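Atom set for the values below is all heavy atoms of this structure, side chains included, hydrogens, waters and symmetry mates excluded. These numbers were taken from a predicted model, which means no experiment stands behind them.
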Amino acid sequence: MSERPSGKRPDRRDVWADDEIEAADRGFVPLTREQAAALREKNPPVSPWRVVAVQIVIGLAVAALGVAITGEAAIGWSALYGAAVVVVPGALMARGTTSRLSSMSPGGSAVSFMLWEFVKIGVSVAMLMLASRIVQPLSWPALLVGLVVCLKVYWVALLWRRR
């Protein structure tokens, strides 16, 4: 490497990855208002409330299926509680992130999302810790099946978006 005299600005060729940035900038063309509207119409956002509603339906179905297969109400209650461990925190987050306050600015939206994500995780952990006290008798495998199946609804929501 060659030495540069101190106090001088670095030559453009010396700046790290500057050529890559310039090449990327040259290929960028902003969308027109009509193109942006067409893109939004083609890829509408999925409502978090729709995801929560589908999680509720799936959780009830898993609980009913558990009771139908085993004939034990405890299995159904455990699976239903596992679904609630996903649904209740998800509903809290959906409420928090869709409020008018959280969408006032891009920075506020990001902070709101992170805050509600921490709330969601905390409520989920608390509900799991309280599971054995709330559901008597508790079947951990049934609880985990209800929880995992309801978590998979997020993946289904990604498929809805592609339609």
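In the hydrophobic cluster analysis, where Ile, Leu, Val, Met, Phe, Trp and Tyr join through side-chain heavy atoms closer than 4.5 angstrom, L60 is grouped apart from I75. I121 and F113 fall into different hydrophobic clusters, where Ile, Leu, Val, Met, Phe, Trp and Tyr side chains are chained together by heavy-atom contacts under 4.5 Å. Clustering ILVMFWY residues whenever any of their side-chain heavy atoms sit less than 4.5 angstrom apart, transitively, puts V86 in a cluster other than the one holding V57. The cluster map of Ile, Leu, Val, Met, Phe, Trp and Tyr, joined by side-chain heavy atoms under 4.5 Å apart, puts V88 and V125 in different clusters. By the criterion of side-chain heavy atoms lying less than 4.5 angstrom apart, applied directly or through intervening Ile, Leu, Val, Met, Phe, Trp or Tyr residues, I56 is grouped together with V153 in one hydrophobic cluster.
The two atoms that bring S139 and S78 nearest to each other are N-OG, 2.9 Å, heavy atoms only. Between L80 and G59, the closest heavy-atom pair is CD1-O, 4.1 Å. When all heavy atoms of A94 and W49 are compared, the closest pair comes out as C-CZ2, 3.7 Å. Heavy atoms only, all atoms of each residue included: A79 and V62 are closest at CB-CG1, 4.0 Å. Minimum heavy-atom separation, A84 to P89: O-CD, 3.6 Å.
Atoms CE and CZ, on M93 and F118 in that order, are 10.5 Å from each other to the nearest 0.5 Å. Atom-to-atom distance recorded for R133:CZ and L130:CG is 6.5 Å, nearest 0.5 angstrom. Between the CZ atom of R95 and the CG atom of L92 there is a distance of 10.0 Å, given to the nearest 0.5 Å. To the nearest 0.5 angstrom, L151 atom CG is 7.5 Å from Q55 atom CD.
Of the residues L147, V148, V149, L143, the one that meets the side-chain contact (heavy atoms from CB on, under 4.5 Å) test with V145 is V149.
Put simply, the side chain of Y81 never gets that close to the backbone of G146: no donor and acceptor are under 3.5 Å apart. With hydrogens and angles ignored, the 3.5 Å screen pairs no side-chain donor or acceptor of S112 with any backbone N or O of G108.
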CA sep, side-chain torsions, deciding dist, call: V156, K152, side-chain contact (heavy atoms from CB on, under 4.5 Å) | CA-CA 7 Å; V156 175; K152 295 301 176 186; 5.8 Å; no

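By the 6.0 Å contact criterion, CD on Q136 is enclosed, its count of non-hydrogen atoms from other residues, nucleotides or ligands being greater than 12.
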